[in-house]
Amino acid sequence: MAKKSKTQRAKASANRQAKKAQASALEAQGISAEEAAKKTEAEKQQSKKAAQKKAEKPKKKRFKFLREVKAELKRVTWPTRAEVLRWTGVVVAALVFFGVFVAVLDNLIVTPLIVALSGLGVGI
């Protein structure tokens, strides 16, 4: 068994002292140990019921997330139709420009360079 740390020993000691103090307080009130045990059992059952209720809450959290997403989407500033069309045109133009640029590089620079090198007998 592993050696307990100072903190663990201090907590255990404090728990023992609390139990002794509780037992002496119960004796002073005239409550027997059996009645105190019944009370603690009832408290344990109540805590188990509370734990079961907590276990049921994640289902509600899923729907809560979806409600929050819906609320967030309502707060979004959506672009107008004109803005969407303008930026779509910019993207298409950029694609066409870079497509033509790569084709020119390939056909006018790279291909003749490869043909010239293969004519020299250099293997690529």
Side-chain angles (χ1 to χ4, degrees):
M1 188 166 156
K3 187 176 179 182
K4 291 184 178 180
S5 70
K6 287 182 180 180
T7 305
Q8 289 172 328
R9 289 190 303 250
K11 285 182 180 179
S13 176
N15 286 340
R16 284 191 300 271
Q17 288 176 353
K19 285 181 183 178
K20 285 181 183 178
Q22 186 179 18
S24 64
L26 290 175
E27 286 178 15
Q29 293 175 357
I31 300 174
S32 68
E34 292 175 3
E35 291 174 357
K38 287 180 183 178
K39 276 188 177 181
T40 57
E41 284 296 320
E43 290 173 1
K44 285 181 184 178
Q45 288 177 355
Q46 287 178 351
S47 65
K48 284 181 183 179
K49 288 179 182 179
Q52 288 175 349
K53 286 182 181 179
K54 285 183 182 180
E56 294 172 1
K57 287 188 179 181
K59 291 181 182 179
K60 292 181 181 180
K61 286 184 180 179
R62 276 187 280 174
F63 296 118
K64 180 181 177 186
F65 172 75
L66 294 175
R67 283 192 301 271
E68 289 175 358
V69 167
K70 185 178 177 181
E72 189 68 28
L73 288 175
K74 286 180 181 179
R75 284 184 261 165
V76 171
T77 304
W78 296 100
T80 63
R81 182 175 176 87
E83 290 175 331
V84 171
L85 291 174
R86 182 178 57 213
W87 287 108
T88 301
V90 169
V91 169
V92 170
L95 287 172
V96 169
F97 171 77
F98 285 109
V100 170
F101 180 73
V102 168
V104 168
L105 275 178
D106 188 40
N107 291 326
L108 298 179
I109 297 174
V110 176
T111 303
L113 185 62
I114 291 175
V115 170
L117 289 175
S118 65
L120 295 174
V122 179
I124 296 178

Exercise for review: With sequence neighbours excluded, tell me which residues meet side-chain contact (heavy atoms from CB on, under 4.5 Å) with S24.
Suggested key: none
Review point. Parallel, tilted or perpendicular for F101 and F97, by the 30°/60° rule?
Key: parallel
Study note, to complete from the structure: Sequence neighbours excluded, the answer for side-chain contact (heavy atoms from CB on, under 4.5 Å) partners of R9 is K3, K4, K6
Review point. Do L120 and L113 sit in the same hydrophobic cluster, where Ile, Leu, Val, Met, Phe, Trp and Tyr count as joined when their side-chain heavy atoms come under 4.5 Å apart?
Key: yes
**Study point:** Test side-chain contact (heavy atoms from CB on, under 4.5 Å) applied to V69 - qualifying residues, sequence neighbours left out
**Key:** F65, L73
Review point. Which residues pass the side-chain contact (heavy atoms from CB on, under 4.5 Å) test with N15, sequence neighbours left out?
Key: none
Study note, to complete from the structure: Sequence neighbours excluded, the answer for side chain to side chain donor-acceptor pair (under 3.5 Å) partners of E72 is R75
Exercise for review: To the nearest 0.5 Å, tell me how far L105 CG sits from T111 OG1.
Suggested key: 10.5 Å
Review point. With ILVMFWY side chains joined below 4.5 Å, transitively, what does V102's cluster contain besides itself?
Key: none
Point to revise | Sequence neighbours excluded - salt bridge (Lys or Arg N to Asp or Glu O under 4.0 Å) pairs with any residue from residues 12-26 | key: none
Review point. Does the S47 side chain pair with the main chain of K44, one donor and one acceptor, at a distance under 3.5 Å?
Key: yes
Review point. Around atom CD of Q22, are there more than 12 heavy atoms of other residues, nucleotides or ligands at under 6.0 Å?
Key: no
Review point. Which atoms form the tightest heavy-atom contact between P79 and V84, and what is the distance?
Key: CG-CG2, 3.8 Å
Check your understanding: W87: which other cluster members, linking ILVMFWY side chains closer than 4.5 Å, directly or transitively?
Key -> V90
